[in-house]
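Computed over heavy atoms, backbone and side chain alike; hydrogens, waters and symmetry mates excluded.
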Amino acid sequence: MPALSISCSFRLSGGSSVVTGEPVRRYRNPSLEQMIGTEGGTISVAGVKLSVPGDALTENRVIAVEVVRDTDMDLPGEDNRSRITPLIKLGPLKLEFKKPVRVTIPHCAVIPEVHRHSVIVYSGQQSENNKDGVSWTRESSASLPPRLDEETVEVSLTCLSFLSISLDISEFKRKHILRVVSFVDGITNPEEDIIITCCLCRDNDEELMSLIEDHKSMLGLGNYTTHQIERSSSDVSEKLEMYLELNKDSAYFIPEESSKHFDIDHACEASRVSHQFRLQKKEDTCVDTTILDAKLTVRHGDTSTESLLQAQVRSLFMSTETKNYLRKKPNVKQYEDLKLKIASQLDKDHCEELCEYFGLASDVRESILRAGDVGMELVTILDERELIMPRKMIALYEGLTAINLNEIAREITEYTASLNKSGEQPKQEQKTVPTKPSKVKILMEEGFTKTNVVQALKLSQGQVNLSRKILQVIDGHKEQIRAQEPRVLYKENFFSELGGDLTLFEAGIILMIPSGCLPKDRIVNLSVITGLDPSKLPGTGSRLCQIVKCGPEEIRLQEPASLRVPHCGYLGTTSPGVTIYGGQSEGGIDWKDLADCEYKVKDHYFELEMKKLGMFCITIEDKTGIQKHMRALPLISKISSHTDDLVITLWLFNSDDVEHQCLLQEETIQHGKIQLAEHSSFSLEPERSSISAQISVPSEHVLTVVDSDTQEIDHEHLWTQTRHKVEFRLKNQGHDGNIALTVSAKSLPQNNPFCNFEINIEMENLLSPSFTPSSGGSLIPVGRQIPTAMVDSFDAMKKHLASMIDKDTAAHMGAILGLPEDLTSTIRRSKAPGVLLLDKLVEKTVISAVKFSPLERVLMNNGNVDEAELIQKYRRENVVVSGLSPGLSE
């Protein structure tokens, strides 16, 4: 596969264009060199791990592991598209061991029924006559068969070589998952062009960390997204398109191509590809208050993935000194000293042999041999071409030993050993024993960018939970998560490899994690999911319990964990068959029947053995001999005048405290209804029968029932759903006194009563002319109205915040939050701009006591840290808000 070559043009701030036909410099291949002694050891880089057992070596040797992202060499096999790992180079080449060594390599293929598939391993050695060529040999699997699992391939070797690993192309359909990550260069003045770098890398945390490290001089632009590529052996090679689109009102435009096409095979094999898009400012536009608003689309065929790239343009401003500091190279004095020492010992003959070994072109050789200091000239050229680097000296070591300069080669051995001893190796390779992960790494593993994580931890004074909330505000994920997963109850805790229990006391749900279950120390969360569309829930059976989610979903459990979920059924002596569905919430819930999931059915709860974290929905297909415990609850809507119709709602729902609280939250807080009576409990029998709900109004009241006073309820629907609503509408002819009515439900023809509510209503209590239903879907965990103390606290926070907002900031925030232009002008002219701004935001329901994320996000994006901290303090001091799940407290 030919290497990717991208030509880019950059416009300087003065307006002149500089175009270069040279390919963009390739990313440095991840590599690590380490001294391994006779006692053995391990080298890990970019997810690839080489394990050398004790007594495999007879002496101390420098060993290197390199992950080759793209290559010009011919690769083995009939079809390179079957390759599922990057090319691996293990050096020194041809180094033999007395015992087999193990190489573990992550792959990017999603393989169902992995035990049914096999891999083909090719080892390669450089040809004697052609240093650029590699001779490949297919390894026999008879004595040391490779091991393939869902994430890695493990190979045993007795000689170091190149490694290329493929799957049997006739056996399966390959799927590759890539992460889409974007960065943006800082700018030093408003007229400077904006450079956005969009990258595709393997779906691997270490690969992502490596990508961030390579782009540490840039700023992260949003969270990564994932793109799945599916290919079969019969597919012809197609193109993968990366397309950038700006908002039509943007102050920038794309002067060159807005799309880039990659060979799809190369994108999967090279593990990382990227492209830079240049944005040029439109004339006569001011970018000081502009929001960079772009959409990146990655697509192939009918599959596409979109990423929103948004940032305040003024947040990209940085001084020249800051840019130079971010781009400066680490201290490499020890490396420079080594180069000088080696160069001083090389004569003309040595350099000529090394030029031959490295395959340098004839004109380059002549220039080296004509130089006054041939050794220094050779070493300088090798450094410029990245054939040697501070942590990549193995090639020169091999070259020196090949021409019998073993004393000089020993200098490299000592240099590499000193690097390992002083801890100068890459961060991800320093962990030789399991340690508690840093706060930065914990949050980065959840998908947040390193830059934002550091800022959030600084704002929260190192509190992980508060940092997570800040990050979700910054990245604008609140509304997205709320729409997908309207969680009511949530709890998280930090677990070591020893495990432990996580309990949602309000719901009686317990997650039990045994010792050795987690691969490393992690934060695990547990939540109850409500509000999902019933038509999109799995199965046709009866649901007797809540839908539960355990996360993070990407954690791979090494041992099964147990989940205990209470149910609302009375089973008696029956042992019902249970169907368990598992779902992953990424990009919409995909439910699957977990037929192999082991479970126990107890009198009051189900207990599941989980092999993977995610969402769980439990149903019972055969309800013979089972009773379902349910509750009935009557409510009435508020009215604005005595002539409004009265709407009475009767809810029938599972006898579950969480479901009860959630229902009250939605009806009383969001829709402004009033509870008419305490709930009534009843049991639903399995035998199919007719169920009716009825409302009775005394004839002396000037009220008439619209449509019918009796409504039929589907018996099967009550069994399969967690809740059912019945509504009665009463026509009011102006009655303004008290009303007495009866709401009941019963089964027919047995006439078994489910509930019977005798209700007295005072019309004056229903009047609420200023009532406005909540538009934000705001949920409060307990209670039916916002506590007075919380309202007072919100008013105090508003007053303090208003005093900190000047007229320019107030007008700017009002514009961002959607206030009309004439209103923002009025705010700017006001003597108390902060007070007027916040009053108008409350009036238009943009913010409220339980809804303030839009304001908090604008403050964070504008750099108003002190003002944002007031909202964070309000969140901490109000248990009703802070007790909700991270990012969903509104």
If you take all heavy atoms of W651 and H724, which pair is closest and at what distance? CE3-O, 3.4 Å
Check whether any side-chain heavy atom of C617 sits under 4.5 Å from a side-chain heavy atom of R543, and report yes or no. yes
Report yes or no: does N654 contribute a side-chain atom to a donor-acceptor pair with the main-chain N or O of H567 at less than 3.5 Å? no
Restricting to ring pair (Phe, Tyr, Trp, His ring centres under 6.0 Å), what partner residues turn up for Y243, sequence neighbours left out? none
When T305 is tested against each of H227, Q228, R299, H300 for side chain to side chain donor-acceptor pair (under 3.5 Å), which residue passes? H227
Shortest non-hydrogen separation from S683 to F754 and the atoms involved: O-CE2, 4.1 Å
L511 and A561: which non-hydrogen atoms are nearest, and at how many Å? CD1-CB, 4.4 Å
Step-by-step side-chain hydrogen bond (donor to acceptor under 3.5 Å, both in side chains) determination, R631 to S655: CA-CA 5 Å; R631 297 178 186 178; S655 182; 3.2 Å; yes
Are any non-hydrogen side-chain atoms of L608 and I618 less than 4.5 angstrom apart? yes
Could you check if a side-chain atom of P106 sits within less than 4.5 angstrom of a side-chain atom of V48, using non-hydrogen atoms only? yes
Could you state the interatomic distance from CE (M610) to OG (S562), rounded to the nearest 0.5 Å? 7.5 Å
Please name the pair of heavy atoms, one in P514 and one in P560, separated by the smallest distance, quoted to 0.1 Å. CG-O, 3.3 Å
Y581 and G539: which non-hydrogen atoms are nearest, and at how many Å? OH-CA, 3.3 Å
With F616 via ring pair (Phe, Tyr, Trp, His ring centres under 6.0 Å) - residues at least two apart: none
Could you measure the distance from the NZ atom of K549 to the CE atom of M615? Nearest 0.5 Å is fine. 6.5 Å
Can you find a heavy atom in the side chain of I547 that is under 4.5 Å from one in the side chain of L537? yes
So for atom CD, which belongs to E598, do other residues, nucleotides or ligands contribute more than 12 heavy atoms lying within a distance under 6.0 Å? no
Quick one about T649 and K673 (side-chain donor to acceptor, distance below 3.5 Å, no hydrogens or angles considered), yes or no? yes
Note, V153 side chain near R147 side chain (heavy atom, < 4.5 Å): no
Step-by-step side chain to side chain contact (heavy atoms under 4.5 Å, CB included) determination, E154 to L148: CA-CA 7 Å; E154 186 176 292; L148 173 68; over 6 Å; no
Looking at side-chain heavy atoms only, is the closest gap between Q627 and L684 below 4.5 Å? no
Grab the two heavy atoms, one from S304 and one from T297, that are nearest each other, plus how far apart they are. CB-CG2, 4.2 Å
N-O pairing of K611 and E609 below 4.0 Å: no
L502 vs I513, side chain to side chain contact (heavy atoms under 4.5 Å, CB included): CA-CA, chis, key distance, verdict: CA-CA 8 Å; L502 182 60; I513 303 174; 5.8 Å; no
In Å, rounded to the nearest 0.5 Å, how long is the span from CD1 of I510 to OH of Y605? 8.5 Å
Among all residues two or more places apart in sequence or in another chain, which pass the ring pair (Phe, Tyr, Trp, His ring centres under 6.0 Å) test with F653? H660
To the nearest 0.5 Å, tell me how far L296 CG sits from T225 OG1. 7.5 Å
Considering only heavy atoms from C-beta outward, does the side chain of L518 approach that of E559 to under 4.5 Å? no
Taking atom types as modelled and ignoring hydrogens, do the side chains of T152 and T104 form a donor-acceptor contact shorter than 3.5 angstrom? no
Decide side chain to side chain contact (heavy atoms under 4.5 Å, CB included) for I105 and I165; before the verdict, give the C-alpha distance in whole Å, the side-chain angles of both, and the deciding distance to 0.1 Å. CA-CA 9 Å; I105 309 171; I165 299 177; 3.6 Å; yes
Do L652 and I713 make a side-chain contact, defined as non-hydrogen atoms from C-beta onward lying under 4.5 Å apart? yes
If I take atom NZ from residue K295 and atom CG from residue L244, how far apart are they, to the nearest 0.5 angstrom? 10.5 Å
Could you go step by step and tell me if L633 and L650 meet the side chain to side chain contact (heavy atoms under 4.5 Å, CB included) rule? CA-CA 6 Å; L633 184 69; L650 177 65; over 6 Å; no
Check: G551 main-chain N/O paired with N525 side-chain donor or acceptor under 3.5 Å: yes
Rounded to the nearest 0.5 angstrom, the CG-CG distance for L557 and L613 is 4.5 Å
